[in-house]
Amino acid sequence: MIDLASSQEPDPFQRLCQLLRLVDEEHPGESGIVSFGDGRDDVIHVQGGRVCWAVSSSMTTRLIHRLAVSDETSERELRLLFHECRQSGKPFGQTLLERGMVTFDVLRGALRQHTAEALAGLALRPSAPRWTPSRVDGYDATLTFSTAELLAHAGDEWWGPLAVAVRAELDDALRGRSVIGLAFLPLPEVADAVIPVGNHGADAMRVHEILDIGAWAAALLRASGRIAGRLISVTRDDGRTSLVWTSQGARYVTIAREPAEMAFVIAHLSRRAPAD
Amino acid sequence: MPGPDDVLALVRAEVPDCIAARMLSLDDPPEDADDVAAAGRDLFAHSDDHTKEIVVLSAGHTYIYRRLAADRRTVFTAVCKSTSNLGLVLGLIRQHLASFEGER
């Protein structure tokens, strides 16, 4: 049982991981609401194991601000619609799309960053998170998020634009390939710890699996340090192959069932100029 | 029947830009290890028992570590220049090891 309230874990990232494990390990595939304290201002809505919405009273940036910055719709128009939706009970995000006020990608990106930041704030709450089973079913599934996706985007809290660049690098290397990919950066001020910042096709992975893979990749790169290894390919008896490489401080891991998929990834990496 | 020395000689002779090839025991004491052997042992120590092959690319060299099917504690090890064609190197090594192991 993960108990954040009695947890002595002082590290904000580890606390965030514990909070996400409450969703993907203790209540996998379930719907419910995670609340803190009196349950009014700090909540996480979960639908079928995916996070739909989270809000933290400590957040200074609201979703409306994010949408107004990333799109041309004025903050005033967004506020009017927000109040209209609140009175009528319509979902705000879906109404925005129906009226053509934002594009799907802008809305999903803003929702994801808002939710990831809210989770990072909620993980620091001193009160214990409380799971209440609930019939949460009104959210459009395409506007909900796996814990793996949110964990990767929460990395922006620590690394900002560098996390975004590393994520783009991973997607560029794996575009069009049937492989799973993860990217990690060192966790500032915590020796040997890594934080996931990129996720390519790894939505079904649980938080603890992602962290285990990050630790394994770090151990392999350390082991190959004495022969100056920069890219390591590991093939198992069943043909499953993993690639681990490092570039400009970031660590990348790719896992494929078909070794041939890896040949394309290695070819892509070898075409680039040496990065380090 | 060819022995380990024969397959190592064959790999050195036929694999392009092969600098060294030898068999490595994962059970040898760590203090006896040079960098290539120590890295190989460390890499397998961080992998599970189902790991068959580990390839490491560095700026100048390619290192190939491959467990023998009949003796999982022994790892064939080769070092090649990084300029060699990786697909060709791996193909030839796998072919020579398969015929060596098939004849044992």
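Letters A, B, ... mirror the listed sequences (proteins, then strands); counts begin at 1. Scope of the values below: all heavy atoms of this structure, side chains included, with no hydrogens, waters or symmetry mates.
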* Asked: Taking atom OG1 of Thr241(A) and atom NZ of Lys52(B), what is their separation to the nearest 0.5 Å?
  -> 8.5 Å
* Examine whether an atom of Ala69(B) lies under 4.5 Å from a heavy atom of chain A, and if so say whether it belongs to the side chain, the backbone or both; otherwise answer neither. => neither
* Side chains of Leu43(B) and Leu220(A) in contact at under 4.5 Å (non-hydrogen atoms) -> yes
* To do: Scan Arg67(B), Arg66(B), Arg72(B) and name whichever one has a salt bridge (Lys or Arg N to Asp or Glu O under 4.0 Å) with Asp237(A).
  => Arg72(B)
* To do: Measure the CD1-OG distance between Ile54(B) and Ser242(A) for me, rounded to the nearest 0.5 Å.
  => 10.0 Å
* To do: With the side chain counted from C-beta on, respond yes when Ile227(A) and Val56(B) share a heavy-atom pair under 4.5 Å apart, and no when they do not.
  => yes
* More than 12 foreign heavy atoms under 6.0 Å from CZ of Arg257(A): is that the case here? -> no
* To do: Pick one of side chain, backbone, both or neither for Ala38(B), based on which atoms fall under 4.5 Å of a heavy atom in chain A.
  => both
* Under 6.0 Å from the CG atom of Asp238(A), do we count more than 12 heavy atoms belonging to anything else shown? -> yes
* Working to the nearest 0.5 Å, report the span between OH of Tyr65(B) and CD1 of Ile232(A). => 10.0 Å
* **Pairs of heavy atoms under 4.5 Å with chain A: top-ranked of Asp42(B), Val55(B), Val36(B)** => Val55(B)
* To do: For residues Ser58(B) and Ala228(A), report the shortest heavy-atom separation together with the two atoms involved.
  => CB-O, 3.1 Å
* SB check Asp48(B) Arg236(A) (cutoff 4.0 Å) -> yes
